[in-house]
2 protein chains.
Amino acid sequence: MGTTMKDVARHAGVSVGTVSRYINGYRLKEINMKKVKMAIEELGFKENIIAKGLKNKRSMTIGVVIASLTDIFSTTIVTSLEKTIEKENYSMMLCDYNCNLDRLHRKIMFLQDRMVDGVVLFAGNENKEDVRRLMNNEIPVVVIDSNIEGIETDRVNVDNVGASFRATEKLIHSGHERIAVINGTKGDFIAEERLQGYISALNTYDITINDEYIRYGNYSSIGGYNCLMELLECKSPPTSVFITNYYMTIGAITAINELDIKIPRHLSLICFDRFEIMDVIKPSLTFIEQPTDRIGEMAGRILLKRIKGDMSQFPMDMRINTRMVMGKSIAPPGVTDH
Amino acid sequence: MGTTMKDVARHAGVSVGTVSRYINGYRLKEINMKKVKMAIEELGFKENIIAKGLKNKRSMTIGVVIASLTDIFSTTIVTSLEKTIEKENYSMMLCDYNCNLDRLHRKIMFLQDRMVDGVVLFAGNENKEDVRRLMNNEIPVVVIDSNIEGIETDRVNVDNVGASFRATEKLIHSGHERIAVINGTKGDFIAEERLQGYISALNTYDITINDEYIRYGNYSSIGGYNCLMELLECKSPPTSVFITNYYMTIGAITAINELDIKIPRHLSLICFDRFEIMDVIKPSLTFIEQPTDRIGEMAGRILLKRIKGDMSQFPMDMRINTRMVMGKSIAPPGVTDH
DNA sequence: AAATTAAATTGAAACGTTATAATTTTGAGG
DNA sequence: CCTCAAAATTATAACGTTTCAATTTAATTT
């Protein structure tokens, strides 16, 4: 280790320039090619990406900022994002900021100091100044699951409105009218979109909107648990619930178990996101699957494209379709099994 | 952006060397200090970590390899690891390899190419050749939750044997003798240690070991679900179960709910790891909490120490104590509530 | 076979830092 | 005010690449 291109050049009897050209895939005479190749193998040469980065002002690294490393939805997307960028020899610096905006700011600064070639931001990172600075420095930014108002960036989102519409519609089609929603965080981009889909479905089918049925669980399991408990304490409790994320679903199911409510006999359920425990829950849940693979891949592809300087179709507003997976958690209201 | 030390030097009317010395905190004359400081502010100079890295052969980056970004236990540790290293201005390249050994190899190569100053490996990364290569290249390695046989590395583990002993003992103390264990993956370092604690507790209290009560759930919720189902189908089912990780606990609880078994009336439970849904499960579970904060912090501290060249007490075998958190999931066997 | 063109290679100057030897400035002592 | 040491600063050579003008080598044409 520690062998440089200079060593390789000497060993092969050519100049460093030639070695460089070999490394970067430019054509050179057969004979030199062989000599260089052998020298590299014999010396175990590995190029120094740092020196390379200094020269071409590229770090071959992208920065990824998520709210929390422990949020499985984000990390699943990141996994596929990484798979996409590593194909082009990029690596990733992954940061979380644990909902601390100051920390978020520091992280973005940090990535910029590290000369990342591009940045992927996840929902909630609405630190406009930082984003603006990145873009002024010509560091492309792709935003996932969000939309930074007032700043034009490429973004990748699922079709939240459509998905929620169809989820709600699904409940309506099986006869429900008392349909509740356990939504994320009030005002949040995703939550607003999902709410819009829900409302629009109810409107379409002329069902009156009952504010009591609209709850916010802050994307957490404890939130989901509490919302479900509260919903069932309404004078006229819902016969079905639409839950807009993974953690809240876990919480709601825990509440349901505790209350000894049977699904779908007493309550129909449709939720967002596939998660591991799903395979194991009985009855199987009907849910909307967000194609995390595709989200990560798209984000990666767009970012790489921008990094290469291709600014066509900027800003892209990529909308990814979801898929509804049918389980057995929905039945007509007020019907007993037999 | 784009301004270099040269620009600062010119603007301040000093040489680049002086600017460098300012940046790195060496003493210089008051007057020059002020001039440089002003110039930096006026030009918005930011040092180029890449160039710096090239010169001092340090990337100020550590590599972290975990099995999967979606494994919450690992990512929780990584979160605190990151907090530790960022205090000293290090950043982290986080990789997962999704149980693909070839991918693991590539990742480690990758980190080495990126000139990381140190590496943290999580359980299962027993790619001896790669680890050896890292160490030969004087890149310090800290291993978490594992022990690479035949290679001396610093490592950080919880006291698995002790924790499992006490967990099992706890069940024994409340009168159980038919105690099952749902363990991770057979042969795995952690699983073996936890099994050892279990066996040793039974031996200590003269309880015969029943092989039927020892199950492997591969750390997955589906595994935990299946194990629990199987255990209850024994001719003489256990009255209590010790579950050695988070995901398997989730699976087991799902099975328990499905079978309408009441805890702790029909079955006592003790498990490993705190997780979000825990706050919400009734009855509250008794569990062993692994101090993920401390694990990450220790790993970070040891690695930084090695990076600084301090090899004292090498190889460290750090054992972190766990804590038992009392819930209401344990009761004497065969006793009904009232 | 000479002349022309094309292709391949070389050598040296960058990239933005740090380290070091050489130089200048400062300050104390006589 | 000169000398000499100590302190501070400067200029320059690295670090390991890439790039580009200049040069050499090879291929083609006449």
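All chains are named by letter (A, B, ...) in the order of the sequence lines, taking the proteins before the strands, and each is independently numbered beginning at 1.
- M298(A) has its side chain within reach of I320(A): a pair of non-hydrogen atoms, C-beta onward, lies under 4.5 Å apart.
- The distance between atom NZ of K29(B) and atom C1' of dG27(C), rounded to the nearest whole Å, is 11 Å.
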### Message
Between D130(B) and H105(B), is the side-chain hydrogen bond (donor to acceptor under 3.5 Å, both in side chains) condition met? List the steps.
### Response
CA-CA 7 Å; D130(B) 289 313; H105(B) 167 74; 2.8 Å; yes
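- dT17(C) atom C1' lies 14 Å from atom CE of M60(B), rounded to whole Å.
- With sequence neighbours left out, S74(B) forms a side-chain contact (heavy atoms from CB on, under 4.5 Å) with I66(B), D71(B), F122(B).
- Here the side chains of M311(B) and R306(B) are in contact, with some heavy-atom distance below 4.5 Å.
- Using a cutoff of 4.0 Å between basic side-chain nitrogens and carboxylate oxygens, K308(A) and E88(A) are scored as salt-bridged.
- Put simply, CG on L28(A) is 15 Å from C1' on dT24(D), counting in whole angstrom units.
- R27(A) has its CZ atom 7 Å from the C1' atom of dA7(C), to the nearest Å.
- Closest approach of N89(B) and M60(B) over heavy atoms only: O-CE, 3.7 Å.
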### Message
For nucleotides 10-20 of chain D, give me one character per nucleotide, 5' to 3': B if any protein heavy atom sits under 4.0 Å from the base, S if the only such contacts are to the sugar-phosphate, - if neither.
### Response
B---BBBBBB-
